[in-house]
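Report on the structure given below.
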Protein chains: 2
Amino acid sequence: MATNQLAGWSVLGDRTRRTIFERLTNRPSAVGDLAKGLPVSRPAVSQHLRVLKEAGLVVDRPAGNRRIYAINPDGLGELRAELDRFWTSAMTAYKAAVEQPDEEKT
Amino acid sequence: MATNQLAGWSVLGDRTRRTIFERLTNRPSAVGDLAKGLPVSRPAVSQHLRVLKEAGLVVDRPAGNRRIYAINPDGLGELRAELDRFWTSAMTAYKAAVEQPDEEKT
DNA sequence: ACGCACCGTAAGCTAACACTTACGAACCTG
DNA sequence: CAGGTTCGTAAGTGTTAGCTTACGGTGCGT
């Protein structure tokens, strides 16, 4: 499935990719339709979709002539978990560090 | 102030920068100490810290010979808000799209 | 004052990345 | 079958991003 375990952060670091991803949260779309609303060419969108797919964030399904891309619920969950992990880890460590300024007093 | 409004994603998209940021959540540190635990040189860490600082995620304070970098609580809050905004937006749109699969044609 | 440690910045290099055009495959419609 | 879509991929290009080395500035200790 997802070839990368923690790709969410870096994958969504790109603006275009975030836009594509957000559009897909609104509705599943074909490649050409996505490209129409973007300032980049259709093959560029296709390549972004491949990256998103390899990260497990989207899934694709053939529909006759076209290919419909949609959000992958599992990938969405993993992304959520990744963000949660990062955030809680950062917050707990930060709180602990604030409440114990033991190390280095200025 | 944070020079960018949505810098969180792209700034923390880099692995080294995420590591530095997480280390700073544990305890404020000087540049050299940070560089010691990383596979990159000290100037590289310095440059990363500048990016983090411009994004409003960290603050620095001179301490004699050295310069102590620490997490910026305001930046942490803004990051939290940004992640929340992204997540809720994505989730609400996604749920709505799932409950109305009639819109597939465009 | 002298030497040493710590740090920021400039300059330059390299690899990765996002993008384009060109091409071929698969599909539907007449 | 012929023609027109839709799409993925290969090949090539320009830019950016992260990294290194080199250098200058500042503060501390002897």
From CG of A:Leu38 over to P of C:dA18, roughly how many Å is that when rounded to an integer?
14 Å
Whether B:Arg18 side chain and B:Leu12 backbone form a donor-acceptor pair below 3.5 Å:
yes
Which nucleotide sits closest to the side chain of B:Ser41: D:dT20, D:dG8, C:dC19?
D:dT20
Return whichever of A:Asn65 or A:Arg17 has its heavy-atom-nearest nucleotide of DNA chain C closer to the 5' end.
A:Arg17
Round to a whole Å and report the spacing from CG of A:Asp33 to P of D:dT6.
8 Å
Of A:Arg67, A:Arg66, A:Arg50, which meets salt bridge (charged side-chain N to carboxylate O under 4.0 Å, His left out) against A:Asp60?
A:Arg67
Within less than 4.0 Å of OP1 or OP2 of D:dT9, is there a side-chain N or O belonging to A:Arg50?
yes
Could you check whether any side-chain heavy atom of B:Val51 comes within less than 4.5 Å of a side-chain heavy atom of B:Arg17, counting everything from C-beta outward?
yes
Distance, rounded to the nearest Å, where A:Leu12 contributes CG and C:dA18 contributes P
12 Å
Rounded to the nearest Å, what distance is computed from the NZ atom of residue A:Lys53 to the P atom of nucleotide D:dC7?
14 Å
What is the nucleic acid contact for A:Arg42, judged by heavy atoms within less than 4.0 Å: base, sugar-phosphate only, or nothing?
base
Can you tell me how far P of D:dA17 sits from CD of B:Gln47, to the nearest Å?
12 Å
Rounded to whole angstrom units, what separation is found between the CD1 atom of A:Ile68 and the C1' atom of D:dG8?
15 Å
OP1 or OP2 of C:dG8 versus the side-chain N and O atoms of B:Ser46: is any pair under 4.0 Å?
yes
D:dT6 phosphate, OP1 or OP2: any side-chain N/O from A:Tyr69 under 4.0 angstrom?
no
Roughly, in whole Å, what's the span from CD in B:Glu54 to C1' in D:dA17?
14 Å
Would you say that A:Arg27 contacts A:Ser29 through its side chain, given a criterion of any heavy-atom pair below 4.5 Å between the two side chains?
yes
Contact check, side chains of B:Ile20 and B:Leu49, non-hydrogen atoms, under 4.5 Å
yes
Among D:dT6, D:dT20, C:dT20, the one nearest any side-chain atom of A:Arg66 is D:dT6
Presence of B:Thr16 side-chain N/O under 4.0 Å of D:dC19 phosphate oxygens OP1/OP2:
yes
If the cut-off is 4.0 Å, is B:His48 near the phosphate of D:dA17, judged by side-chain N/O to OP1 or OP2?
no
Any base atoms under 4.0 Å from B:Pro43, or only sugar-phosphate, or nothing? Heavy atoms, all strands.
base
B:Leu34 CG to C:dG8 C1', in whole Å, measures 15 Å
